[in-house]
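Encoded as structure tokens, the structure appears first; notes follow it.
Sequence lines set the chain letters: A, B, ... in the order given, protein chains first and strands last, and positions in each chain run from 1.
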Protein chains: 2
Amino acid sequence: MRPSRKSSNGTTKGLQAEREPLAAVIGGTELQIAYRMGYVLNFYREPSFRRIEMELGLTRPEIVTLIFLNFREGVTASEICEFSGHLKANISRGIIALEKKKLIRRAADKTDSRRQQLFMTAAGRALYARYIPALRERERAMLACLTRAERNEFERLLDKLAAHVPQWAALDEL
Amino acid sequence: MRPSRKSSNGTTKGLQAEREPLAAVIGGTELQIAYRMGYVLNFYREPSFRRIEMELGLTRPEIVTLIFLNFREGVTASEICEFSGHLKANISRGIIALEKKKLIRRAADKTDSRRQQLFMTAAGRALYARYIPALRERERAMLACLTRAERNEFERLLDKLAAHVPQWAALDEL
DNA sequence: ACCAGAAAGTCTCATATGAGACCATCTCGA
DNA sequence: TCGAGATGGTCTCATATGAGACTTTCTGGT
């Protein structure tokens, strides 16, 4: 499932109500919780990411790579894959592109010459600084309807869910 | 951000621990809550969807369209866009493909000849029945680590977030 | 010390997707 | 009643993506 549009023309009117209360539609599918997570997340993430893609000429793997590098320099491509969920082919392409644009640089890992550690350049840091505020602000807006206590609880539950991902993510039968 | 791989070879070992506790990485980016939502959701959604894509030869818009139709017949393309987050061009293509495969049928809306209402065929229902159990089961697995009370609370918070989406989703400045 | 298999990263190919133009129909105000 | 603009849906084009083959390097068991 991919994100959401403003009806593709500029309004979000359709969301407000009209023929059915929103809740009726949202809760309608069988996958209640998963669907809602996707619904909220899509509206948060997609418009911002698309904007970054268009205005700064970055692909998603590139955007995500810079986010990870900002968090910790020296990270490798496969670590980014592991935690971003992008396919390694795409992260690889993104890294090549980022290096070409001088936004990151690579250094062979001394202990394992297959790996290459990644580092931001000043230009990379500058570009990152141009798009991250909007993402932060939009996250804030998304959560604004929750009380502080609710937000804390929501985060706690998400942490718990995230910590348990390894227990079921590998179950391909599902 | 798109989903997650099993390191691309078949194991999920990298997730378990190794160089850093998972939590350190997960919580590392600035966008704590948004990132975690994406992380969990990706591991839930992507493997299942990819499997459906490959085994049943459906695209994502097609999968989603069948899910919506199962919930309510007679829905139109733009309604599916509105709540699924897919672009209308893609839903349109999906609908055309689904009709070609005889999984749905279309009927012009009498009151507005631009719109066309969509209905599942028996074959569509049968195909839907083939993939939905795995999605349900995987959602169950994802939530299994929560107590019943936590799950209820999580759902309540998601509902609240979803209900407030219209208040900020349109803010393009963000 | 060796070899089978795993892991990191790159590449190719086919395809699904995003952007946006386009057409037809509808709506609403003057 | 007319015309401007909104809306539903389709199409085209360029591009990002998924699948998976491939190379090189590392690892663990014998």
Side-chain angles (χ1 to χ4, degrees), chain A residues 1-14 18 42 46-47 49-55 57-65 75-82 84-97 99-100 106 108-118, chain B residues 1-14 18 42 46-47 49-55 57-65 75-82 84-97 99-100 106 108-118:
Chain A
M1 231 189 287
R2 201 65 56 50
S4 231
R5 320 301 50 241
K6 297 159 292 174
S7 292
S8 80
N9 56 52
T11 73
T12 316
K13 208 184 338 156
E18 299 188 337
N42 284 339
E46 293 305 319
F49 273 51
R50 282 203 223 286
R51 181 129 172 242
I52 297 169
E53 287 167 4
M54 301 205 65
E55 295 187 0
L58 297 173
T59 65
R60 245 155 246 243
E62 294 173 72
I63 297 168
V64 167
T65 295
V75 125
T76 67
S78 39
E79 288 168 330
I80 296 174
C81 290
E82 209 82 90
S84 75
H86 286 270
L87 292 167
K88 65 179 183 167
N90 296 327
I91 293 294
S92 174
R93 279 188 278 252
I95 286 172
I96 291 169
E99 189 184 38
K100 205 164 290 176
R106 308 195 245 189
D109 184 322
K110 288 140 196 91
T111 74
D112 183 341
S113 62
R114 289 172 308 177
R115 318 180 124 218
Q116 35 197 0
Q117 295 188 287
L118 306 174
Chain B
M1 227 187 289
R2 205 60 60 45
S4 230
R5 321 300 50 240
K6 298 159 292 173
S7 294
S8 81
N9 55 53
T11 73
T12 316
K13 208 183 339 154
E18 299 188 335
N42 283 339
E46 293 305 319
F49 273 51
R50 282 203 223 288
R51 182 129 172 244
I52 296 169
E53 288 168 4
M54 302 204 63
E55 297 187 0
L58 297 174
T59 65
R60 245 155 247 243
E62 295 173 70
I63 297 167
V64 166
T65 294
V75 126
T76 67
S78 38
E79 288 168 329
I80 296 175
C81 290
E82 208 85 91
S84 76
H86 286 270
L87 294 167
K88 65 179 183 167
N90 296 328
I91 293 293
S92 174
R93 278 188 278 252
I95 287 171
I96 292 168
E99 189 184 38
K100 205 165 289 175
R106 308 196 245 189
D109 184 323
K110 287 137 199 96
T111 74
D112 183 341
S113 62
R114 289 173 307 178
R115 319 181 124 217
Q116 35 196 1
Q117 295 188 286
L118 306 174

Strictly below 4.0 Å: does A/R115 bring a side-chain N or O up to OP1 or OP2 of C/dA8?
yes
Can you find a side chain N or O atom of A/N90 that sits less than 4.0 Å from OP1 or OP2 on D/dG18?
yes
Quick one: B/E46 CD to D/dG18 P, roughly how many Å, whole number?
7 Å
Side chain of A/A77: nearest nucleotide among D/dA19, D/dC26, C/dG9?
C/dG9
A/N42 CG to C/dG18 P, in whole Å, measures 10 Å
Could you check whether any side-chain heavy atom of B/E53 comes within less than 4.5 Å of a side-chain heavy atom of B/I63, counting everything from C-beta outward?
yes
Using whole Å, what does the distance between atom P of nucleotide C/dA7 and atom CD of A/E79 come to?
14 Å
Rounded to the nearest 0.5 Å, how far does CZ of A/R60 lie from CD1 of A/I52?
9.0 Å
Please determine if a side-chain N or O atom of B/S92 lies less than 4.0 Å away from the OP1 or OP2 oxygen of D/dG9.
no
Check this for me: does the side-chain of A/R60 come within 3.5 Å of the base of C/dT17 through a donor and an acceptor?
no
Taking the side chain of B/S78 as heavy atoms from C-beta outward, which of D/dA19, C/dG18, D/dG8 is closest to it?
D/dG8
Between A/R106 and C/dT10, is there a side-chain N or O to OP1/OP2 distance below 4.0 Å?
yes
Assign each of A/D112 and A/M54 to its nearest nucleotide of DNA chain C by heavy atoms, then name whichever residue's nucleotide is nearer the 5' end.
A/D112
Rounded to whole Å, how long is the line connecting atom NZ of A/K110 with atom C1' of D/dT25?
17 Å
Students should find that the end-to-end axis angle of the helix from C/dA1-D/dT30 to C/dA30-D/dT1, with five pairs defining each axis and rounding to 10 degrees, is 40°
CD1 of B/I63 versus C1' of C/dT17: gap in Å, rounded?
14 Å
Any idea which of D/dT10, D/dT12, C/dG9 is nearest the A/K88 side chain?
C/dG9
Answer with yes or no whether B/R114 presents, from its side chain, a donor or acceptor under 3.5 Å of a partner atom in the base of D/dT7.
yes
Looking at D/dC26, C/dA19, C/dC26, which one has an atom nearest to any side-chain atom of B/S113?
C/dC26
Whole Å only: how far is the CD1 atom of B/I95 from the P atom of C/dT17?
14 Å
Would you indicate what A/E53 reaches in the nucleic acid, counting non-hydrogen atoms under 4.0 angstrom: base, sugar-phosphate, or nothing?
nothing
Looking at B/R50, does any N or O in its side chain come under 4.0 Å of the phosphate oxygens OP1/OP2 on D/dG18?
yes
Given D/dC13, C/dC11, D/dT10, identify the nucleotide with an atom nearest to the side chain of A/I96.
C/dC11
